[in-house]
Student: 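Pasting in a structure now, in structure tokens, and then I'll have a few things to ask.
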Amino acid sequence: MRSIRDLDTVELILDAQSLLDSIRGPERVIDAGTLRALQQSGNYVVGFFDDEDGAERMVGSSIAFFGAPGRRRMHSHITALLPEYRGRGWGRELKEHQRQWAFSQDVGCITWTFDPLVARNAHFFISVLGARVTGYSVNNYGIFGGGDAGDESDRLDVEWALADIAKAPAEETVVATLEIPSDVESMRESDPDAAHEWRTRLRAQMEELRGRGLKIAGFDVKRGYLFTA
């Protein structure tokens, strides 16, 4: 059995902080005090719980907060599952819970950012969820030790229009592709110099293609990002 529910006690908030620390590495993504403040002010602060071994444990968490007044949107700061729980469809279940919660709050769009080098996230966010890429930023958060393992934190911005899920582009409309490594996260551990080379190469190619007026309209696990005019 598994469940998704609000983190409405101090104990659960502290568990979520520890969970996120274990997933994201030595640099804390968000502290318990901020989590508690977001939860108490009515934002989306939930945990994913599993009790398949008879003892319930938190295995994932998701935090989102409301955007500018009147725009009917919120920003998803982090959604994370322990590595051993990935690949089961639970990430999609967690994002669908976030989507339904947003609908209940009269929110029509959720935004977030992600590392363009992480293929599993690009596939999940663009191909599975149907989010649209709206921008690209260089070193968005500075250099930190979390998911980027000390490298610069380039990011793609996405918008998830909850009632208007994006579809993959028609093949005849794809005018360029941009390959990324299949598992840059492992590469960062085994060969960080090679991972950084991918960062600088992708940055240059991304800026060149976007400079030509092309936009990311899809993702393919073999070819990478799909660009249309």
Side-chain angles (χ1 to χ4, degrees), residues 19-30 59-62 76-92 94-95 111-129 131-158 168-169 171 174-228:
L19 172 82
L20 295 173
D21 285 351
S22 73
I23 294 172
R24 297 301 296 267
E27 298 293 331
R28 176 160 289 164
V29 178
I30 189 167
V59 300
S61 183
S62 185
S76 181
H77 181 55
I78 184 170
T79 298
L81 280 168
L82 291 172
E84 61 267 33
Y85 287 86
R86 296 169 189 164
R88 305 185 185 187
W90 290 16
R92 184 170 187 173
L94 191 49
K95 291 300 287 186
T111 64
W112 64 87
T113 69
F114 74 94
D115 186 343
L117 280 175
V118 180
R120 65 180 179 87
N121 283 345
H123 169 71
F124 179 50
F125 296 149
I126 299 173
S127 302
V128 177
L129 295 183
R132 293 174 173 84
V133 176
T134 58
Y136 170 76
S137 56
V138 172
N139 202 23
N140 190 62
Y141 302 108
I143 297 175
F144 64 103
D148 298 277
D151 199 2
E152 295 180 324
S153 54
D154 292 12
R155 291 292 185 269
L156 285 175
D157 305 312
V158 297
E171 187 59 39
V174 176
V175 297
T177 62
L178 182 51
E179 181 186 7
I180 60 173
S182 60
D183 187 1
V184 75
E185 294 163 300
S186 295
M187 186 186 298
R188 285 172 177 149
E189 296 181 1
S190 63
D191 193 347
D193 289 339
H196 179 69
E197 288 177 7
W198 270 104
R199 170 72 76 208
T200 56
R201 185 185 312 132
L202 180 72
R203 179 184 296 172
Q205 294 172 324
M206 190 76 73
E207 290 181 336
E208 189 271 331
L209 289 168
R210 287 172 52 82
R212 288 163 48 190
L214 304 183
K215 63 180 180 180
I216 296 172
F219 183 81
D220 180 86
V221 293
K222 293 183 178 179
R223 293 180 292 168
Y225 293 100
L226 309 178
F227 286 79
T228 59

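Numbering of residues begins at 1 and proceeds along the displayed sequence.
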Student: Determine yes or no for a side-chain-to-main-chain donor-acceptor pair under 3.5 angstrom, with Arg86 supplying the side chain and Leu81 the backbone.
Tutor: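 It does hold such a pair.
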Student: With the side chain counted from C-beta on, respond yes when Leu82 and Leu19 share a heavy-atom pair under 4.5 Å apart, and no when they do not.
Tutor: yes
Student: For Trp112, give me all partners under ring-ring contact (aromatic ring centres under 6.0 Å, His included), at least two apart in sequence or on another chain.
Tutor: Phe125, Trp160
Student: CD1 of Ile180 to CZ of Arg223: how many Å apart, nearest 0.5 Å?
Tutor: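 Result: 13.5 Å between the selected atoms.
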Student: Using the side-chain contact (heavy atoms from CB on, under 4.5 Å) rule, take Met206 and Leu156 through it: C-alpha gap first, then chi angles, then the decisive distance, then the call.
Tutor: CA-CA 10 Å; Met206 190 76 73; Leu156 285 175; 4.3 Å; yes
Student: Do Asn139 side-chain atoms and Ser153 backbone N/O form a donor-acceptor pair below 3.5 Å?
Tutor: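 Flag set: sc Asn139 to bb Ser153 pair under 3.5 Å.
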Student: Please determine whether side-chain contact (heavy atoms from CB on, under 4.5 Å) holds for the pair Leu202 and Tyr136, giving the CA-CA distance in whole Å, both sets of side-chain angles, and the decisive distance to 0.1 Å.
Tutor: CA-CA 11 Å; Leu202 180 72; Tyr136 170 76; 5.7 Å; no
Student: Nearest 0.5 Å, what's the NE2-OG distance between His77 and Ser61?
Tutor: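 Reported value, rounded in 0.5 Å steps: 10.5 Å.
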Student: Run Arg203 and Glu207 through salt bridge (charged side-chain N to carboxylate O under 4.0 Å, His left out) and show every step you take.
Tutor: CA-CA 6 Å; Arg203 179 184 296 172; Glu207 290 181 336; 5.6 Å; no
Student: Please tell me if the side chains of Ile216 and Phe227 come closer than 4.5 Å, counting only heavy atoms from C-beta onward.
Tutor: yes
Student: Over all heavy atoms of both residues, which pair between Trp198 and Glu179 is shortest? Give the atoms and the distance, please.
Tutor: CZ3-O, 3.5 Å
Student: Without swapping roles, check the side chain of Arg199 against the backbone of Glu152 for a donor-acceptor pair under 3.5 Å.
Tutor: yes
Student: For the residue pair Val133 and Lys215, establish whether any side-chain heavy-atom pair is separated by less than 4.5 Å.
Tutor: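 Heavy-atom side-chain distance check fails, nothing below 4.5 Å.
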Student: Check the surroundings of atom CZ in Arg88: do more than 12 heavy atoms from other residues, nucleotides or ligands lie under 6.0 Å from it?
Tutor: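 Enclosed.
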Student: Could you pull out the closest heavy-atom pair between Ala195 and Asp151, with the gap in Å?
Tutor: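 Closest heavy-atom pair between Ala195 and Asp151: O-OD2, 4.2 Å.
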Student: Mind checking the CG-CG spacing from Asp154 to Asn140? Nearest 0.5 Å is all I need.
Tutor: 8.5 Å
Student: Answer whether the closest heavy-atom distance between the side chains of Arg188 and Leu117 falls below 4.5 Å.
Tutor: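 Sidechains of Leu117 and Arg188: in contact.
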Student: Check Gly135 against Arg210 and note the closest heavy-atom contact, atom names and distance.
Tutor: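 For Gly135 versus Arg210, the nearest heavy atoms are CA-NH2, 3.9 Å.
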Student: State, with a plain yes or no, whether a side-chain heavy atom of Asp115 is found less than 4.5 Å away from one of Asn121.
Tutor: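 Sidechains of Asn121 and Asp115: no contact.
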Student: Counting only heavy atoms from other residues, nucleotides and ligands, does the tally under 6.0 Å from CD of Glu84 exceed 12?
Tutor: yes
Student: Does Ser127 use its side chain to pair, donor to acceptor, with the backbone of Phe124 at less than 3.5 Å?
Tutor: no
Student: Show, in sequence, the C-alpha distance, side-chain angles and deciding distance for Tyr225 and Leu209, and conclude whether the side-chain contact (heavy atoms from CB on, under 4.5 Å) test is met.
Tutor: CA-CA 11 Å; Tyr225 293 100; Leu209 289 168; over 6 Å; no
Student: In Å and rounded to the nearest 0.5 Å, what is the CD1 to CZ distance from Ile30 to Arg28?
Tutor: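 So the gap between those two atoms works out to 10.5 Å.
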Student: After noting the C-alpha distance and the side-chain angles of Thr177 and Asp220, does the key distance pass the side-chain contact (heavy atoms from CB on, under 4.5 Å) rule?
Tutor: CA-CA 9 Å; Thr177 62; Asp220 180 86; over 6 Å; no
Student: Please name the pair of heavy atoms, one in Ala217 and one in Pro169, separated by the smallest distance, quoted to 0.1 Å.
Tutor: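 Distance-wise, the nearest heavy atoms are O-CD, 3.2 Å.
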